[in-house]
There are 2 protein chains.
Amino acid sequence: MAVQIHHGDILYAENKNSLKTHENSYIVVVDGMVEGIYTEIPAQFADAPVTEHGRGVIIPAFSDLHVHASQYTERGLGMDWLLYDWLNDYTFPQEAKFSDLDYAKDTYDAFVDELIANGTFHAAIFATIHRPATNYLFERMEEKGLYGYVGKVNMDMGAPDFLCETTEESLAETEKYLAEHTECTTVKPIITPRFAPTCSQELITGLGKLAQKYKVGLHTHIVESKWEAAEALKLFPDHGSDAEIYERAGLMDNGPVVLAHVIFPTEEDIRIMKKHNAVAVHCPDATTNVIAGIMPLATLQDKGVDVCVGSDVGGGHHLAVYKQVARAVQLSKIKEFYEPQESRTINFANAFYCATKVGGSAFGKMGSLEPGYHFNAIVVDNVEDKGILLTPAERVERFCYIGDDRNIVARYIDGKAL
Amino acid sequence: MAVQIHHGDILYAENKNSLKTHENSYIVVVDGMVEGIYTEIPAQFADAPVTEHGRGVIIPAFSDLHVHASQYTERGLGMDWLLYDWLNDYTFPQEAKFSDLDYAKDTYDAFVDELIANGTFHAAIFATIHRPATNYLFERMEEKGLYGYVGKVNMDMGAPDFLCETTEESLAETEKYLAEHTECTTVKPIITPRFAPTCSQELITGLGKLAQKYKVGLHTHIVESKWEAAEALKLFPDHGSDAEIYERAGLMDNGPVVLAHVIFPTEEDIRIMKKHNAVAVHCPDATTNVIAGIMPLATLQDKGVDVCVGSDVGGGHHLAVYKQVARAVQLSKIKEFYEPQESRTINFANAFYCATKVGGSAFGKMGSLEPGYHFNAIVVDNVEDKGILLTPAERVERFCYIGDDRNIVARYIDGKAL
């Protein structure tokens, strides 16, 4: 039994209404899992090594539930364009380069390093249509000990020829990909149709069969813009909602069901999401940069839908999920200003809860520091001004608003220091 | 005659429609001023020292036209509150501490260092009501060679007792402050009534007389929220617009006229701003964090109003003006989505132009690298991914979206390296 103890201020979100703080406390970690938090070291752990974090705040690692690893090198470029042009002129040509495995390796190495630098240890990731490059990303994530769902993207229509598969290729490559990863540890495959406008009915139906056969989850975008929502129903005319396209194909039966954006959900979308314990992924910067609209976050929560947070790089420009925590609060204020009947302002605790405990739940017992959770954690420090002491909650709020990777002074996954 | 030459990629905004790029070029600086940009070093400057910046992009320093130095230690705290509570429970108690000069020194030293770190070399600054602390900030700015307008704040009503002056005190202290700085170099005093809801008519009238006597400009907030706009006209009932309150008092006669936020301008506000060459200061993060509404930036420009950019720390959470460049593009997209009849999306060049050339114009020939401008510049580097070369414009866009002070690898004011 390997025991380690960390001393400092400890903070996590128990629920959307409150941050739980243990000041000047000891967190005991046994075999990589949180055993408990104490004001004094319990007698049975008296011999365990103690790591002192001083004014550092120990918080759960972040979860990024929607990110395109292949768009990493696009971040912060073409940000004044709109979705259609940005996809066609920037993103699709960029993704096409991942047919070259060497190109992919450089990008995916940098992507994984940057996830770690920013304290994101759990991520649901879009790769590209290319299986070899996707496998490289999968293995790189495992090698570093990160938790993830990595998807080979499917698209057999509605995209440039250089980035389109035939339906048969798409299904065959996906099955190979799933078959290659039936024995996996921290990273798992996930079925990743880009979105309805780039997938034929035949492809979606075929992916549903693979989901049943290999017992894997779904990661896609739904109702991300008024255009996308309308286009989806035009292409799938016998369906009543965007979510139903995936539900009817059997893509929501195994979990996790990770649905990005969810900006214009219908009541039917909401019913389906709840039925399948889907997480709705809020990506504030991306919806501001290239997509029109703001998720009705508080309203979705009120209706029983779990909401988590994604960076959506490269629609979003930065991989740091903590920056999206701040942005989620900001966008909720704008939403309330313009559409008070649709949603309302959320507080910081709620946004932090979405980015840690809710997001982490897609991967197992992660995203909190309560007993029984994986000790996947970071230590945030050096955010105070000279002579002015802040509470742990203030230090974490400030970190999310103005901090960067320099403020993350220690990183642990399953208790192992990175 | 002191000549220096810098080699690299050079970029500045000529106007709101275009970024001017000189790749692989030489910028010649004579006695701290830009002499010209060349593809080869002109013969008459052949002996001057050349500084090589490699892949660095040489760009103009940023101008922050609206920032509260006294709120520096508040940044990123209480950001889920709303304006009224945030002012009364966080900001006013914090500002009251500036009666203690030692406290003020620590904060103002850190504030000035952070301006420099982030490449902001020109700033219009609210201090507090306290003259000694304001003088310290003034001198600290001058000592570091920064350009600025520093204001002792006026408020004789509508604020807690511990932060209110009597009308007589407010006028007397302001006159002392102006009289102390009649001989100044890079920093100048500016009259800074907080906003109409905290100033009596008698105070505004008296400040107008001081503006005439000492020939100084105005820095205040106008139409920053629907509440503020309505309250201003309730307190100044014989006035037709928020801007008119200051115009009629004679506060707009000498320039500069720096008006923060301008979210709900009437046609009369716009007429007055144009008449007095006022700059309207867009503070994207602040208007998202604590204020309701988004400036109609493109529409103000269409109507002939100059728009620049401010961090508005502590309503805004970060001093980096380049981050506000990105945010200005983002908010213009949200504004167009919700109010297409009121304004429209701006491009990156326009936002960069506002934050450099327009903002800089309030201080003299600053904010561009055209001949005749002060060589107040920074060098931005290390934003490219391995093996992927970006254009200078892409490097600067990326810097504004995902960069931080680590990407600013050199800083010059009047040609002097900091």
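In this text the structure is predicted, and so the values were computed from the model without any measurement.
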Point to revise | Leading residue by heavy atom contact count with chain B [cutoff under 4.5 Å; candidates A:S332, A:G78, A:A326, A:G387] | key: A:G78
**Study point:** Gap between atom CD1 of A:I294 and atom CZ of B:F337 - 0.5 Å precision
**Key:** 8.0 Å
Point to revise | OH on A:Y401 to CG on B:N289, rounded to 0.5 Å | key: 5.5 Å
Does any backbone or side-chain atom of [X] lie under 4.5 Å from a heavy atom of chain A? Answer side chain, backbone, both or neither.
| X | answer |
| --- | --- |
| B:L77 | both |
| B:Q94 | neither |
| B:N347 | both |
| B:I346 | backbone |
| B:F348 | both |
| B:I388 | side chain |
| B:E336 | neither |

Which atoms of [X] come close to chain B, meaning under 4.5 Å heavy atom to heavy atom: side chain ones, backbone ones, both, or neither?
| X | answer |
| --- | --- |
| A:E384 | neither |
| A:I402 | both |
| A:D385 | side chain |

Check your understanding: Among residues 98-116 of chain B, which ones touch chain A with a heavy-atom distance under 4.5 Å?
Key -> B:Y103, B:D106
Best-contacting candidate, [options], against chain A by heavy atom pairs under 4.5 angstrom:
| options | value |
| --- | --- |
| B:M79, B:K386, B:K323 | B:M79 |
| B:R406, B:R395, B:E339 | B:R406 |
| B:T345, B:V329, B:D404 | B:D404 |

**Study point:** Closest non-hydrogen atom pair between B:R398 and A:T73, with its separation
**Key:** NH2-O, 2.6 Å
Revision key, fill the gap. Of all heavy-atom pairs linking A:Q330 and B:H317, the shortest is NE2-CE1, 3.6 Å
Exercise for review: Check ring-ring contact (aromatic ring centres under 6.0 Å, His included) between B:H66 and all other residues, then give those that pass, not counting sequence neighbours.
Suggested key: B:H68, B:F126, B:H219, B:H221, B:H261
Practice item. May I ask you to decide if B:V290's main-chain N or O and A:K333's side chain share a donor-acceptor pair within less than 3.5 Å? Key: no
